[in-house]
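A short worksheet on the structure shown next.
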Amino acid sequence: AQRVTQPEKLLSVFKGAPVELKCNYSYSGSPELFWYVQYSRQRLQLLLRHISRESIKGFTADLNKGETSFHLKKPFAQEEDSAMYYCALSGGSRLTFGEGTQLTVNP
Amino acid sequence: KAGVTQTPRYLIKTRGQQVTLSCSPISGHRSVSWYQQTPGQGLQFLFEYFSETQRNKGNFPGRFSGRQFSNSRSEMNVSTLELGDSALYLCATTPSGGSYNEQFFGPGTRLTVL
C-alpha cells in the first residue's frame, strides 16, 4: 500500500524566512513523488516532481529514500507562496495525496 | 490549449438520488482520473480511464462508477447518494497516464447531498 503523510496541517512563516514543508511516504516500489499546489481560487497544479530535480519558484525538494521523505524547501518565503501544498506519490496514473499543508506567509 | 473542464460546477441532490458528472480533457489527453476531495479525507483516488477502459480503481464502493467515451471525455456516476458523498470531485488528465506525467486538474464539481 502507498501512503503519504504531511505532518503539519498549518504552517505560518514571515516573509523572507526559510520554509520547509514536510512529506513522508510509504511505498514498496521505486517512488515517483510530486508536489502540487493550490493557490486561493485556483486549480490544483503541479509545482515540481522529484525526477526533474528542478527548482520552481525558488522551491526545491530532494527525495531521501533512506528517510522516505520528500520535503519541500524554499530559502526565502514570499507572500505569494501562501497556498495549500500537497505531496503526492504516483503509482501508475494513480496519485496518492497527503492531507496537505496550508502555508501562510506573513508580511 | 483549453484547460480541463468539468460540468456542472455545482450540484445539489438529496439522499437516494443519483448524479452524473462530466469531465472534458485537454485536447490530446487520453487518460482521465477522478478524485474525491473532502475536508476530512483529503484527496482520494476514485478511478482512471484510458482509451475507454478503466485502468485503475480506488477503494470506493460500487455506487461510484465511470466511463470514458471515444473522444476521451469522461463521466462519473454516483448512485443512491449518501450524505457522506458531499465533496468536491476533481478530474485530472494526462496525455497517456503513467507515473512520471503531470496531471492537469479541472476546477471540480461541488456536490452537496441533503
Side-chain angles (χ1 to χ4, degrees), chain A residues 1-10 21-54 56-57 59 61 63 70 83-102, chain B residues 1-6 9 23-26 29-51 53-60 66 68 72 74 87-110:
Chain A
Q2 51 194 67
R3 184 178 176 85
V4 177
T5 304
Q6 293 179 250
E8 302 137 331
K9 289 192 184 232
L10 301 171
L21 290 84
K22 291 185 168 48
C23 171
N24 290 89
Y25 67 90
S26 173
Y27 186 60
S28 56
S30 184
E32 301 300 331
L33 286 152
F34 303 79
W35 277 97
Y36 279 80
V37 61
Q38 189 165 28
Y39 301 102
S40 179
R41 299 192 189 88
Q42 293 188 28
R43 304 178 184 202
L44 195 60
Q45 60 187 284
L46 178 69
L47 180 62
L48 56 79
R49 70 194 92 183
H50 95 269
I51 196 171
S52 300
R53 302 185 67 81
E54 57 197 346
I56 303 292
K57 298 184 178 183
F59 284 98
L63 177 60
F70 187 56
M84 190 72 166
Y85 291 81
Y86 293 95
C87 183
L89 173 68
S90 178
S93 295
R94 170 187 190 146
L95 282 175
T96 298
F97 286 89
E99 292 190 15
T101 298
Q102 178 68 51
Chain B
K1 281 185 180 178
V4 178
T5 58
Q6 291 186 245
R9 293 292 311 279
C23 173
S24 293
I26 293 171
H29 285 198
R30 297 168 61 193
S31 167
V32 178
S33 297
W34 288 89
Y35 296 87
Q36 182 194 64
Q37 186 175 27
T38 59
Q41 300 293 323
L43 278 151
Q44 292 190 291
F45 174 79
L46 281 154
F47 30 64
E48 184 235 354
Y49 285 87
F50 181 79
S51 291
T53 301
Q54 187 180 88
R55 194 162 64 171
N56 214 334
K57 189 177 188 305
N59 298 321
F60 278 81
Q68 187 179 34
S72 295
S74 178
L88 182 67
Y89 290 88
L90 296 170
C91 78
T93 77
T94 74
S96 61
S99 300
Y100 305 96
N101 290 331
E102 174 182 359
Q103 293 202 11
F104 293 83
F105 283 82
T109 294
R110 172 76 61 186

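Computed from heavy atoms alone, side chains included, the values below leave out hydrogens, waters and symmetry copies. Sequence lines set the chain letters: A, B, ... in the order given, protein chains first and strands last, and positions in each chain run from 1.
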Heavy-atom side-chain proximity of A:Arg43 to B:Val4 below 4.5 angstrom: yes
Spacing of CZ belonging to B:Phe45 relative to CD belonging to A:Gln2, to within rounding of 0.5 Å: 9.5 Å
Residue pair A:Arg94, B:Glu48: steps toward the salt bridge (charged side-chain N to carboxylate O under 4.0 Å, His left out) verdict: CA-CA 7 Å; A:Arg94 170 187 190 146; B:Glu48 184 235 354; over 6 Å; no
Nearest-0.5 Å distance, OG1 of residue A:Thr96 to CG of residue B:Leu43: 10.5 Å
A:Gln38 versus chain B, the contacting section by heavy-atom distance below 4.5 Å: side chain
Selection from B:Gly58, B:Pro107, B:Gly108 maximising heavy-atom pairs under 4.5 Å formed with chain A: B:Pro107
B:Arg9 CZ: over 12 foreign heavy atoms closer than 6.0 Å: yes
B:Tyr35 (side chain) donor-acceptor with A:Leu95 (main chain) under 3.5 angstrom: yes
CD-CZ distance between B:Gln103 and A:Phe34, expressed to the nearest 0.5 angstrom: 8.0 Å
Nearest-0.5 Å distance that lies between atom OG in A:Ser90 and atom CD in B:Glu102: 12.5 Å
Residue part contacting chain A, namely of B:Gln37, when any heavy atom lies under 4.5 Å: side chain
